[in-house]
Amino acid sequence: MSKPNHIVILTGAGISAESGIDTFRAEGGLWEQYPVEQVATPEGFAADPALVHQFYNMRRAALKSVSPNAAHFALAELEKGLESRGGSLTTITQNVDNLHEQGGAKNVIHMHGVLTSLLCQYCGHRWESHEDTSPEDSCIACQRIAGPRPDIVWFGEMPYELDRIDYVMSQADLFVSIGTSGAVYPAAGLVSEARRRSIKTLELNLEESQGTSLFDESRLGKAGEIVPKWVA
Ligand SMILES: CC(C)NC(=O)[C@H](Cc1c[nH]c2ccccc12)NC(=O)[C@H](CCCC/N=C(/NCCC(=O)O)S[C@H]1O[C@H](COP(=O)(O)OP(=O)(O)OC[C@H]2O[C@@H](n3cnc4c(N)ncnc43)[C@H](O)[C@@H]2O)[C@@H](O)[C@H]1O)NC(=O)OCc1ccccc1
């Protein structure tokens, strides 16, 4: 097969694990520390906004003390290389951290939102913020108290940029999944979407995922080791 020109990468929490960010489903992972239905659903936010603000304040603060790892840097290099020869690399990430961008990536789709963005639940205004938030805060646009919420896609909510995701999948000739358990949809359905479009598929993950059997090839190992090796 000739060298792929238009690569789509899907990443999950596993690519940021070696940077010191907890994954969700691992032993002692985020969903063991916090009940997902209370901190990552619109119903949980309505019931106890203070708990949800605290959960995302903790993760936003933690972001200040982590940095990208070899896997993030390798993908940014590959993106540059492909762009320079008329190809493209698009990173679709489920992660709400900004380590892909800190690693130099430019073409990143945050389908589940980002930690450093706030959204007004009343007027829909969005703005960047690296500070703690609380239910007493007001929206910087409509000034309404309790307007600001984390600009994060919670369970039951529509993921972001589904049209752009559909477009890059229509152009792709290789789909690579890195550091994800394949447990959450529609992200976990992208490998089947790739197969439907006869796109070659590769999984790079620490252990077998719920979607491993769907990939043409699966390589197991730590992202910080196997991603630079794959890129080289
Ligand atoms: C639990 C699951 C069954 N439920 C869902 O999927 C639901 C419902 C649903 C929809 N369709 C379905 C179909 C079937 C069944 C259920 C559904 N989906 C939704 O609600 C979605 C919204 C889901 C988004 C929820 N928000 C998140 N995050 C933001 C919050 C926050 O971050 O706080 S999900 C969150 O969990 C998921 C976690 O998964 P991973 O990132 O994979 O992390 P995990 O810990 O599980 O795994 C880590 C992996 O890394 C590996 N690893 C570890 N270390 C390393 C290492 N060092 N190197 C390499 N790999 C490593 C491990 O081996 C492991 O495999 C990520 O998506 C992450 O973003 N919305 C929606 O469907 O809207 C309607 C719709 C859809 C389409 C079109 C129109 C309308």
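Order of listing sets the numbers, starting from 1, for every ligand and every atom in it.
- With Arg144 contributing its side chain and Tyr122 its backbone, the two residues share no donor-acceptor pair below 3.5 Å.
- With a 4.0 Å heavy-atom cut-off, ligand 1 is reached by the backbone of Ala183 but not by any atom from C-beta on.
- Side-chain contact check for Trp127 versus Ser117: every heavy-atom pair is 4.5 Å or farther apart.
- Protein heavy atom closest to atom 32 (O) of ligand 1, with residue, atom name and distance, is Arg59 NH2, 3.2 Å.
- When non-hydrogen atoms are compared, ligand 1 lies under 4.0 Å from the side chain of Ile152 (C-beta onward) but not from its backbone.
- The aromatic rings of Trp154 and Tyr56 sit tilted, their planes meeting at an angle between 30° and 60°.
- Nearest protein heavy-atom neighbour of atom 26 (N) of ligand 1: Val153 O, 2.8 Å.
- For the pair Arg149 and Phe55, the cation does not sit on the ring face, since its NZ or CZ is not both under 6.0 Å from the ring centre and inside 45° of the axis.
- Ranked by closest heavy atom to atom 61 (C) of ligand 1, the top entry among Leu206, Ile226, Ile15 is Leu206.
- Under 4.0 Å from ligand 1, the heavy atoms of Leu162 that appear belong solely to its side chain.
- Annotation: atom 27 (C) of ligand 1 to nearest protein heavy atom, His112 ND1, 3.6 Å.
- For atom 18 (N) of ligand 1, the closest non-hydrogen atom of the protein is Tyr185 O, 3.0 Å.
- Every atom of ligand 1 with a heavy atom of Ala223 under 4.0 Å away is listed here by number and element: 56 (C), 58 (N), 59 (C).
- The minimum heavy-atom distance linking Asp151 with Arg126 is given by the pair OD2-NE, 2.8 Å.
- Listed for the Lys222 side chain is no donor-acceptor partner under 3.5 Å among the backbone atoms of Asn205.
- For atom 30 (C) of ligand 1, the nearest protein heavy atom lies closer than 4.0 Å.
- In this structure a side-chain-to-backbone donor-acceptor pair under 3.5 Å is present from Asn57 to His53.
- Between Met158, Glu157, Glu203, it is Glu157 that holds the heavy atom closest to atom 70 (N) of ligand 1.
- At distances below 3.5 Å, at least one donor-acceptor pair connects side-chain atoms of Gln33 with backbone N or O atoms of Gly28.
- With Phe24, Tyr160, Trp154 as candidates, the residue nearest to atom 45 (O) of ligand 1 on a non-hydrogen basis is Phe24.
- Within ligand 1, the atoms closer than 4.0 Å to a non-hydrogen atom of Tyr56 are 30 (C), 31 (C), 33 (O), numbered from 1 in the order shown.
- A donor-acceptor pair is defined here as one N or O able to donate and one able to accept, closer than 3.5 Å; no such pair exists between the side chain of His100 and the backbone of Thr93.
- Contact annotation: Gly156 has at least one heavy atom less than 4.0 Å from an atom of ligand 1.
- When Glu18, Arg25, Gln94 are checked for heavy-atom proximity to atom 38 (C) of ligand 1, Arg25 turns out nearest.
- Annotation: side chain of Phe175 is in contact with side chain of Met169 (closest heavy-atom distance under 4.5 Å).
- Here the heavy atom of the protein found nearest to atom 40 (P) of ligand 1 is Thr180 OG1, 3.8 Å.
- Remark: the Ser88 side chain and the Gln171 side chain contain no N/O donor-acceptor pair separated by less than 3.5 Å.
- Which parts of ligand 1 touch Thr23 is read off a 4.0 Å heavy-atom cut-off, strictly below it: atoms 45 (O).
- Of the charged side-chain nitrogens involved, at least one lies within less than 4.0 Å of a carboxylate oxygen, so that Lys80 and Glu77 count as a salt-bridged pair.
- Using a 4.0 Å cut-off between heavy atoms, Ala13 contacts ligand 1 through both its backbone and its side chain.
- Look at Gly221 and you'll find a heavy atom under 4.0 Å from some atom of ligand 1.
- Distances from atom 56 (C) of ligand 1 to the protein include at least one heavy-atom value under 4.0 Å.
- For the pair Glu193 and Arg195, the salt-bridge criterion is not met [side-chain N within less than 4.0 Å of a carboxylate O].
- Looking from atom 46 (O) of ligand 1 to the surrounding protein, the closest heavy atom is Ser181 OG, 2.6 Å.
- Summary of contacts: the protein heavy atom closest to atom 77 (C) of ligand 1 is Pro186 CG, 3.8 Å.
- The single protein non-hydrogen atom nearest to atom 37 (C) of ligand 1 is Val184 CG2, 3.6 Å, given as residue, atom name and distance.
- With a 4.5 Å cut-off on side-chain heavy atoms, Asp48 and Gln38 do not count as touching.
- Close approach of ligand 1 to Gly12 (heavy-atom distance below 4.0 Å) involves ligand atoms 41 (O).
- When the options Tyr34, Phe55, Phe155 are ranked by their closest heavy atom to atom 4 (N) of ligand 1, first place goes to Phe155.
- Taking 4.5 Å as the limit, every side-chain heavy atom of Arg60 sits out of range of all side-chain heavy atoms of Val96.
- Contact atoms of ligand 1 toward Lys222: 58 (N) (distance under 4.0 Å to a heavy atom of the residue).
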